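Single-structure report; data block below.
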Amino acid sequence: MVDMETVVSLCKRRGFIFQSSEIYGGLGSAWDYGPLGVEFKNNVKQLWWRDNVQLRDDMVGLDAAISMHPKVWEASGHVASFSDPFTGCLDCDRHYRADQIYEAVWNSRWFRALRKTLEGPAARKNEWSAVANWAQGEGKKLAPNFPLKDPKPSIESPTRYPFKGPEDSNFHTFLRALVHAGNSLGVLCPNCGGVKLSAPKPASLMVEIKLGPVELTATKTYLRPETAQGIFVNFDNVLQASRKKLPFGIAQIGKAFRNEITPGNFTFRTREFEQMEIEYFVIPGTDEEWHQRWIDERFAWYQKYGMRKENIRLREHTKDELAFYAKRCVDIEYLFPMGWSELEGIANRTDYDLKQHSTFSGKSLEYFDEETKQKLVPYVIEPSGGVDRSTLAFLIDAHHEEEVRGERRVVLRLHRELAPVKIAVLPLLKKRSEIVETANNICADLKKRWVAVYDDTASIGRLYRRQDEIGTPFCITVDVQTVGDGKTPGDEKVTIRDRDSMEQIRVSISNLETIMADLMEGRWAELVKVCPRQATSGSVA
Ligand code: ATP
């Protein structure tokens, strides 16, 4: 699997994602989508919208405001309890989520370095003196407040290497032994290695805002931490306007804001992000079945757009993790470079939200069931995914490095519907004006239907590699044969190259649009059988 540094560097170099306010030193918790990133992210959103709203009869969409009445957040329970436990290091002043502290230590620079020592031959002889030696050497710089400066043979050896990951109980025991009763969490600071971590306290994730220019009369509210509440408070409006019958759902894509304690891992955890959420309203009693259906559908959705089976899994929430009102919750997790982490949560929220808003607003949010002639408060199934996390996961999953005839090729095997650029039109010789003109005309025509680019800024081999690296599924090359060489007339044909197989076929310009439409439907294998193949040679593969 590709590491995060490689992904961040590719994203910056090729214009997918830049750090926010970079020329001012950057804002660690925010990222800007560049020319390719915006196309790519828009494709993720558009496919989600098409599959979950436009192709279904039981779904409608909504685009609610980001700022909402402050009472919404009291009713939803966010003001009182939307918080994460945090702990702070008294030595270096960094803050961490207490419930994710083992992962933070596991992924820290100093522990990654120490792990190599722990798994080496010196540790097999005497692990504590190996750790102490590390602390006197490399550890001095990486973890200046690391506690173990002398060997401590009195500490019972607790370790069983190699540790399997941040969840491994041997890893926890090892850390506890190092901390030696220095703090209640039993871990060291992921930044400086110190033991002075404060006892966990809740920190609100709500981002407060004041709306209105005059301090005294301004409305104090919050930037929404999720899009869901905009849907609940509009339940009756949508019901009346759309005349939908249960079961039906309302979908929304939009920005959300959370004062995360430790934003990080690139766009995985940020303070400003986008969500794609569905609130699916059902008759109580049918909720468990609908919940399972949504779990299956959402799990299949990621794989439909190319996410590899082995990198995606479902994780059932334990009783302690469940929100008090939730009946069941299942996360879809992706194997990110830092380990399995949530992509989307699918919860059975019962009738909690509608009832809360009904109580706080004084408005009935009941549904009249014509079959039973009774009023009821629907149960809600909520598939709630992150746009940024999905975009990142699709990108990581598509990243491949391979060797082609002795050269390294980086290729993003993005599903064609996700790829930011669908077609690149490339002239084989930019000195020949007829070739350049033909290529430009083809590109202008194709742009009417697909995102297409023209590029003549390098040799053909390099142009192909560039398009491979950004995931462009098809390249069209115009060459001398297309336009003729003055003696022999042109054949009015171009070469289409498939990104993944690097196979090439030769087709008439007059058929190009029809053929491209077929290719966009995924028919390369069929076309290869009927179109003449073009031989590939060395660097132009
Ligand atoms: P986590 O446990 O990772 O903090 P969560 O369970 O709080 O996530 P939800 O409240 O279920 O997340 O939000 C639904 C989705 O929104 C998540 O699955 C994720 O894809 C996305 N999301 C939540 N918080 C963030 C964030 N800080 N940055 C980016 N995406 C986020």
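Scope of the values below: all heavy atoms of this structure, side chains included, with no hydrogens, waters or symmetry mates. All figures in this text were calculated on a predicted structure; none of them were measured in a lab.
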Name the orientation class of the two ring planes belonging to W134 and W110 (parallel below 30°, tilted from 30 to 60°, perpendicular beyond 60°).
-> tilted
Without swapping roles, check the side chain of Q356 against the backbone of A75 for a donor-acceptor pair under 3.5 Å.
-> yes
Can you say whether the rings of F248 and F281 are parallel (under 30°), tilted (30 to 60°) or perpendicular (over 60°)?
-> tilted
Show every donor-acceptor pair shorter than 3.5 Å between a side-chain atom in residues 384-393 and any protein atom, with sequence neighbours excluded, or say none if there are none.
from : atom 1 : to   : atom 2 : distance (Å)
S384 : OG     : E277 : OE2    : 2.6
D388 : OD1    : E274 : N      : 2.7
D388 : OD2    : Y33  : OH     : 2.7
R389 : NE     : F268 : O      : 2.7
R389 : NH1    : E342 : O      : 3.0
R389 : NH2    : F268 : O      : 3.4
S390 : OG     : G386 : O      : 2.6
T391 : OG1    : V387 : O      : 2.7

From F235 CZ over to E279 CD, what is the distance, rounded to the nearest 0.5 angstrom?
-> 11.5 Å
Quick one: closest heavy-atom pair of V53 and V60, and the distance?
-> CG1-C, 3.9 Å
Would D84 and R258 satisfy salt bridge (Lys or Arg N to Asp or Glu O under 4.0 Å), going step by step from the backbone distance to the final call?
-> CA-CA 11 Å; D84 279 333; R258 295 180 188 179; over 6 Å; no
Give the intermediate values and the outcome of salt bridge (Lys or Arg N to Asp or Glu O under 4.0 Å) for residues K327 and E288.
-> CA-CA 9 Å; K327 206 165 164 184; E288 288 181 14; 3.1 Å; yes
For N170 and T173, test the side chains for any donor-to-acceptor distance below 3.5 angstrom and give the result as yes or no.
-> no
Nearest non-hydrogen partners of L376 and P284, listed with the distance = CD1-CD, 3.8 Å
Do other residues, nucleotides or ligands put more than 12 heavy atoms under 6.0 Å from the NZ atom of K12?
-> no
R94 atom CZ: more than 12 heavy-atom contacts under 6.0 Å | no
Mind checking side-chain contact (heavy atoms from CB on, under 4.5 Å) for N42 and listing every partner two or more places apart, or none if nothing turns up?
-> V38, K45
side-chain hydrogen bond (donor to acceptor under 3.5 Å, both in side chains) partners of H357, counting only residues at least two apart = Q229
Nearest heavy-atom neighbours spanning D91 and V195 = OD2-N, 4.3 Å
Output yes when a side-chain donor or acceptor of S358 lies under 3.5 Å from a complementary backbone atom of K363, and no otherwise.
-> yes
Between Y305 and N43, a side-chain donor and acceptor under 3.5 Å = no
Over 12 foreign heavy atoms within 6.0 Å of CD, E215 | no
Output, in order, the C-alpha distance, side-chain angles, deciding distance and verdict of salt bridge (Lys or Arg N to Asp or Glu O under 4.0 Å) for R293 and D296.
-> CA-CA 5 Å; R293 273 165 86 160; D296 298 342; over 6 Å; no
Check whether any side-chain heavy atom of T219 lies under 4.5 Å from a side-chain heavy atom of P70, and answer yes or no.
-> yes
Would a distance-only check, ignoring hydrogens and angles, find a side-chain to backbone donor-acceptor pair under 3.5 Å from Y367 to L246?
-> yes
Is it true that atom NZ of K255 has more than 12 heavy atoms of other residues, nucleotides or ligands lying nearer than 6.0 Å?
-> yes
Going through the checks in order, is the salt bridge (Lys or Arg N to Asp or Glu O under 4.0 Å) test met by E119 and R115?
-> CA-CA 6 Å; E119 287 163 14; R115 228 168 93 197; 3.7 Å; yes
Salt bridge (Lys or Arg N to Asp or Glu O under 4.0 Å) partner of E469, the single match among R408, R413, R13 = R13
Do D353 and Y325 meet the criterion of a side-chain donor-acceptor pair at a distance under 3.5 Å?
-> no
Side chains of Y334 and D397: donor-acceptor distance under 3.5 Å anywhere?
-> yes
Check step by step if side-chain contact (heavy atoms from CB on, under 4.5 Å) holds for L118 and V131.
-> CA-CA 7 Å; L118 290 174; V131 174; 3.7 Å; yes
Keeping the roles fixed (side chain from R499, backbone from L412), state whether a donor-acceptor pair exists under 3.5 Å.
-> yes
Is it true that E417 and R50 make a salt bridge, defined as a side-chain N closer than 4.0 Å to a carboxylate O?
-> yes
Indicate the ring-plane relationship of F171 and F163, choosing parallel, tilted or perpendicular according to the 30° and 60° boundaries.
-> tilted
Establish, from distance only, whether the side-chain atoms of T318 and E321 form a donor-acceptor pair under 3.5 Å.
-> yes
Measure from the side-chain N and O atoms of R271 to the backbone N and O of E260, and report whether any donor-acceptor pair falls under 3.5 Å.
-> yes
Can you label the angle between the Y102 ring and the H172 ring as parallel, tilted or perpendicular, going by 30° and 60°?
-> parallel
Donor-acceptor contact below 3.5 Å, side chain H400 vs main chain A398 | yes
Above 12 or not: heavy atoms from other molecules or residues under 6.0 Å from CZ of R109?
-> no
Looking only at heavy atoms, which two atoms of W340 and N311 are closest? And how far apart?
-> CZ3-O, 3.4 Å
Smallest heavy-atom separation, R14 atom then L36 atom, equals O-CD1, 3.1 Å
